[in-house]
2 protein chains.
Amino acid sequence: MAERRGRNVRDVRRSNRSLLLRHLYFHPSSSRLDLSRATGLSAASVSSVVAELIEAQVVIESGALESDGGRPRILLDVAAPRFQVIGVDVGETRIRVERFDLGLTELARAEIPMPQGREPGRCAPGDVVAGVAEGLAVVGLPDPDSGVRVLGIGIGVPGIVAGRPESVVHCQTIGWDAVPLEALLREVTDLPLFIDNGANTLGQAEMWFGAGRGVSDTLFLLIGSGIGASVMLDGVAYRGSSTSAGEWGHITAAIGGRLCRCGARGCLEAYIGAESIIARYAEAAPAADAASAASEEDALLRILAAARREESEQGRAARAVLAETALHLGVSIGNLINLFNPERIIIGGWAGLLLAGDLLPGVREVARAHALRHPFSKAAIEVGRLGPDAVALGAATLPVARFLHTAGVGPRSH
Amino acid sequence: MAERRGRNVRDVRRSNRSLLLRHLYFHPSSSRLDLSRATGLSAASVSSVVAELIEAQVVIESGALESDGGRPRILLDVAAPRFQVIGVDVGETRIRVERFDLGLTELARAEIPMPQGREPGRCAPGDVVAGVAEGLAVVGLPDPDSGVRVLGIGIGVPGIVAGRPESVVHCQTIGWDAVPLEALLREVTDLPLFIDNGANTLGQAEMWFGAGRGVSDTLFLLIGSGIGASVMLDGVAYRGSSTSAGEWGHITAAIGGRLCRCGARGCLEAYIGAESIIARYAEAAPAADAASAASEEDALLRILAAARREESEQGRAARAVLAETALHLGVSIGNLINLFNPERIIIGGWAGLLLAGDLLPGVREVARAHALRHPFSKAAIEVGRLGPDAVALGAATLPVARFLHTAGVGPRSH
DNA sequence: ACAACTTAGTTCGTGTTCCGATTTAACTTC
DNA sequence: GAAGTTAAATCGGAACACGAACTAAGTTGT
């Protein structure tokens with residue numbers, strides 16, 4: 001128990017350097033005095049650490065503020081253009097690769113469709129690696145002579161990421177069992193790799209730039225074709241003892257209930273995921289036109305539209321299916337509130353964003369009825385702000401987070 | 001985000017002092033060299049810090065090890081007899097108060113029955129305060145001239161403990177809403193108070209001295225008349241944003257299901273708690289003798305015995321009720337494994353310990369069938385080792401934990 | 001126009017702290 | 001009793017944050 005190592009006097013500097021850099025990253029254009037006040041460090045210490053960061057070209061003086069009666073403040077900023085990161089979103093149907101600068105301004109992007117194998121929803125690890133390699137080639141790298149350093153590649157995948165130090169990916173729904181993705185990808189790149197669950201990376205993006213800003217205990221619910229969740233405790237993703245925490249999709253919502261694509265019965269995903277909503281509607285209203293939809297997104301939009309048509313048979317069927325979805329989502333959110341006592345619950349994913357418009361009030365009410373009063377009153381249930389395409393953005397935050405943590409003195413080739 | 005304060009060079013000393021003291025507490029009779037090796041601190045630093053702790057009379061030299069060819073090791077120990085703590089278990093039917101030394105060796109105990117009010121299961125806050133005061137008087141305090149310092153009183157209560165800095169207790173089942181227990185108790189004692197949920201304190205006891213030793217991510221499930229849980233992440237209780245995390249009893253196990261004593265329908269407690277088991281058996285086998293049992297414990301024992309009688313009507317009813325209980329417990333454990341990815345799940349509480357003998361294999365199997373393969377394979381489902389009476393012991397760990405954290409330099413009257 | 005303010009940032013001396021090297025302490029073994 | 005061995009203490013050096021004093025770079029008032 002409590003086997004943390006003893007602290008060194010140099011750890012103090014490391015910790016303070018990282019603290020100042022993080023503050024500067026999330027509060028751009030601060031002066032040294034701002035930093036001093038925000039962190040509690042003395043002005044002398046801030047001066048000293050900032051000088052070091054400027055010396056290392058991690059921070060730059062970016063201007064000065066108009067004076068109001070004294071010496072003007074010199075504004076500091078992270079030297080965002082000098083560092084770049086790459087974010088990858090491995091989806092079941094396509095791979096998206098984006099290149100960003102340190103400030104996560106997008107510089108280039110590529111989208112590679114996945115070859116659909118014999119069985120739908122199954123993709124070979126080799127195809128994913130090839131797709132990532134192709135995407136990396138398209139987005140390119142900065143000119144090696146420019147002095148720009150690429151910090152690493154963050155990758156969001158639709159499965160459980162386990163194993164240390166080499167990441168291994170499990171995903172029952174697409175048939176991956178202990179795929180050594182990190183080792184496979186190392187064949188196509190030398191850059192540091194940061195692999196995480198896609199729900200986690202999307203949640204991370206919302207924490208940094210979306211509905212989770214400044215909140216520490218947050219649950220991010222990703223509702224797409226299937227569903228997943230990311231548990232953010234104390235501002236960072238909680239991973240559990242073997243990095244698979246937050247597997248929300250396959251908790252049992254109804255014993256002996258509907259068959260799920262994972263093979264079990266009564267999984268929550270079989271009531272909330274878009275695939276299941278579409279299937280349930282097709283069962284309830286066989287004559288409906290949803291089957292002819294071009295995509296899942298299109299099909300879900302048609303169901304939402306049908307639900308608004310008062311008198312038709314299909315309207316009744318659509319309303320029943322959506323009501324069942326809202327009921328299960330609300331109950332599950334109530335349960336999560338009791339278990340985790342979060343400050344905020346964020347609903348995201350492409351289906352979640354589509355559904356939230358019509359369903360959110362009902363979901364809130366069901367959650368209220370099924371949660372204890374006290375924790376419910378502290379939990380805000382909100383909709384994600386970033387859209388479903390932020391998985392790559394969130395993945396790119398992973399190398400950035402490492403950089404901020406090490407304050408640029410990590411393993412560098414310098 | 002990340003608004004931690006800057007670190008000081010004196011924080012290093014504080015942190016190392018606490019680290020060494022904690023190590024010494026959990027690994028008694030270590031030498032300075034043992035400490036150095038275990039913490040990574042240099043021998044010089046260990047010497048210096050230990051000298052300080054000895055000077056402060058927090059640590060003593062307690063002997064020497066036989067030499068094996070060189071200077072013998074001097075053994076160090078925490079000066080346990082110089083410090084005492086008090087643990088209180090506030091139950092629905094009785095209050096237990098125990099006095100311990102720092103090593104949590106019991107020195108005195110008292111058990112005060114609670115006056116049963118008009119409605120069963122409702123107890124007035126005033127009665128609790130009076131009961132605690134009476135218990136404190138019985139266990140007494142050390143002689144003021146002895147130099148023994150009492151670090152504080154830890155209190156485990158059956159409800160949600162919220163509020164800072166003054167603890168306020170909510171409990172829907174016994175009718176407490178925002179009871180300012182800390183303020184009320186301050187009327188009867190001047191000692192520092194540490195109030196927490198009883199499931200948390202019992203879980204804490206298991207973490208320090210029972211089935212959770214050395215494990216960091218653990219869920220402790222308390223099954224008594226009602227049920228509760230304690231979520232231990234990274235070795236300490238996770239409390240959520242407003243300290244009510246782990247409210248496992250009133251998550252919804254079946255939508256529109258059995259009526260729970262909290263007023264909602266389908267709560268897990270209505271399927272797993274001893275009160276519900278007894279009620280369900282009484283419904284299924286009205287002729288049974290369980291109703292005449294002297295206590296809930298007695299009633300549950302009779303149901304377990306009935307279930308073992310092959311051919312009787314009552315045996316079938318008992319088996320059906322217990323099977324339903326095992327099913328819901330297993331499903332819920334499977335869900336918790338998916339969500340939290342714990343290293344260990346510990347079943348405790350008086351009813352949990354009684355049930356585990358017969359039900360555990362079935363519960364494990366159900367959990368396996370309802371959890372994802374990967375996280376299930378990492379989670380051990382075990383039975384608590386400390387018995388149900390360790391709530392007071394666990395409560396007493398709270399002031400001890402604070403003492404170890406501050407290494408004896410906290411707010412002292414010295 | 002120039003002194004008097006005002007605010008931002010730097011420099012410097014001081015006190016803590018950990019650490020490596022060396023020394024001292026306390027044994028055993030030959 | 002000399003040599004060897006292991007444990008612990010001591011000492012000087014380096015890293016660090018901090019407070020106080022100081023410098024820099026403006027505005028304001030007369």
Side-chain angles (χ1 to χ4, degrees), chain A residues 4-21 23-24 27 29-56 59-77 407 409, chain B residues 4-21 23-24 27 29-56 59-77 407 409:
Chain A
R4 223 177 314 146
R5 311 292 289 181
R7 293 241 176 288
N8 191 321
V9 73
R10 306 178 76 143
D11 296 334
V12 176
R13 184 64 153 209
R14 251 197 294 282
S15 150
N16 286 339
R17 189 164 39 204
S18 169
L19 178 67
L20 289 180
L21 189 61
H23 188 91
L24 208 50
H27 301 85
S29 296
S30 300
S31 71
R32 290 170 174 81
L33 215 57
D34 294 334
L35 290 174
S36 168
R37 275 197 270 264
T39 61
L41 265 70
S42 74
S45 305
V46 171
S47 257
S48 158
V49 173
V50 165
E52 218 174 83
L53 290 169
I54 289 177
E55 162 71 28
V59 163
I60 52 166
E61 298 191 335
S62 58
L65 221 56
E66 192 107 332
S67 155
D68 52 328
R71 174 172 172 174
R73 306 183 172 194
I74 299 171
L75 299 183
L76 301 168
D77 272 293
V409 291
Chain B
R4 223 178 315 146
R5 312 292 290 181
R7 294 242 174 287
N8 192 321
V9 72
R10 306 178 77 145
D11 297 332
V12 175
R13 183 66 153 207
R14 251 197 296 281
S15 150
N16 286 339
R17 188 163 40 205
S18 170
L19 178 66
L20 289 180
L21 189 61
H23 188 91
L24 209 49
H27 302 85
S29 297
S30 301
S31 71
R32 290 169 175 82
L33 216 58
D34 294 334
L35 291 174
S36 168
R37 277 197 268 265
T39 61
L41 265 70
S42 73
S45 304
V46 170
S47 257
S48 157
V49 173
V50 165
E52 217 174 86
L53 290 169
I54 290 176
E55 162 71 30
V59 163
I60 53 167
E61 298 190 334
S62 57
L65 222 56
E66 193 105 332
S67 156
D68 50 327
R71 175 172 172 175
R73 306 185 170 192
I74 299 169
L75 299 182
L76 301 169
D77 273 293
V409 291

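Quick note: numbers below take in every heavy atom, side chains included, and nothing from hydrogens, waters or symmetry partners. Residue numbers start from 1 in every chain, and the chains themselves are labelled A, B, ... in the order their sequence lines are given, proteins ahead of strands.
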**Student:** Could you tell me how far apart D11(A) (CG) and dA14(D) (C1') are, to the nearest whole angstrom?
**Tutor:** 15 Å
**Student:** Between R37(B) and S30(B), is any side-chain donor less than 3.5 angstrom from a side-chain acceptor?
**Tutor:** no
**Student:** Between dA8(D), dA17(D), dG26(D), which nucleotide gets closest to the side-chain atoms of I74(B)?
**Tutor:** dA8(D)
**Student:** Could you work out which one of dA26(C), dT10(D), dA17(D) sits closest to the side chain of N8(B)?
**Tutor:** dA17(D)
**Student:** Starting at OG of S48(A), measure out to CZ of R17(A) and round the result to the nearest 0.5 Å.
**Tutor:** 9.5 Å
**Student:** Would you kindly give the CZ-to-P distance between R5(B) and dA17(D), to the nearest whole Å?
**Tutor:** 15 Å
**Student:** What nucleic acid atoms does S31(A) come within less than 4.0 Å of, heavy atoms only: base, sugar-phosphate, or nothing?
**Tutor:** sugar-phosphate
**Student:** Would you state whether a donor and an acceptor, one from the side chain of R71(A) and one from the base of dA25(D), lie under 3.5 Å apart?
**Tutor:** no
**Student:** Quick one: is R73(A) getting a side-chain N or O under 4.0 Å of the dA25(D) phosphate, OP1 or OP2?
**Tutor:** no
**Student:** To the side chain of L41(B), which of dA26(C), dT10(D), dC19(C) is closest?
**Tutor:** dC19(C)
**Student:** Just verifying a value: how many Å separate L75(A) CG and D34(A) CG, rounded to the nearest 0.5 Å?
**Tutor:** 8.0 Å
**Student:** Could you tell me the separation between the CZ atom of R32(B) and the C1' atom of dT6(D), rounded to a whole number of Å?
**Tutor:** 14 Å
**Student:** Looking at every non-hydrogen atom in both residues, tell me the closest pair between A43(B) and S36(B) and how far apart they are.
**Tutor:** N-OG, 3.7 Å
**Student:** What's the shortest heavy-atom distance between R5(B) and A38(A), and which atoms?
**Tutor:** NH1-O, 4.1 Å
**Student:** With nearest nucleotide decided by heavy atoms, which residue, A43(A) or L33(B), maps closer to the 5′ end of DNA chain D?
**Tutor:** L33(B)
**Student:** Grab the CZ-P distance between R7(A) and dC19(C) for me, whole Å please.
**Tutor:** 12 Å
**Student:** To the nearest angstrom, how far is L75(A) atom CG from dG9(C) atom C1'?
**Tutor:** 14 Å
**Student:** Assign V9(B) to base, sugar-phosphate, or nothing according to its heavy-atom contacts below 4.0 angstrom with the strands shown.
**Tutor:** base
**Student:** Expressed in angstrom and rounded to an integer, what is the separation of R13(A) atom CZ from dC18(C) atom C1'?
**Tutor:** 16 Å
**Student:** Starting at the 5' end of DNA chain C, which residue's closest nucleotide do you reach first, E61(A) or D68(A)?
**Tutor:** D68(A)
**Student:** Taking only side-chain nitrogens and oxygens of R10(B), does any of them come within less than 4.0 Å of OP1 or OP2 of dG15(C)?
**Tutor:** no
**Student:** Tell me which of S48(A) and V12(B) sits closer to the 5' end of DNA chain C, going by the nucleotide each one is nearest to.
**Tutor:** S48(A)
**Student:** Starting from C1' on dA25(C), measure out to CG on L65(B) and report it in whole angstrom.
**Tutor:** 17 Å
**Student:** Separation of E66(B) atom CD from dC27(C) atom C1', in whole Å?
**Tutor:** 11 Å
**Student:** Looking only at heavy atoms, what is the nearest atom pair of V46(A) and L20(A), with distance?
**Tutor:** CA-CD1, 4.2 Å
**Student:** Check the phosphate of dC18(C) against S42(B), side-chain N and O only, distance under 4.0 Å to OP1 or OP2. Yes or no?
**Tutor:** no
**Student:** Counting only side-chain heavy atoms from C-beta out, which of dA7(D), dC18(C), dT10(C) sits nearest to S47(A)?
**Tutor:** dT10(C)
**Student:** Report which part of the nucleic acid A44(A) touches: base, sugar-phosphate, or nothing (heavy-atom distance under 4.0 Å, all strands).
**Tutor:** base
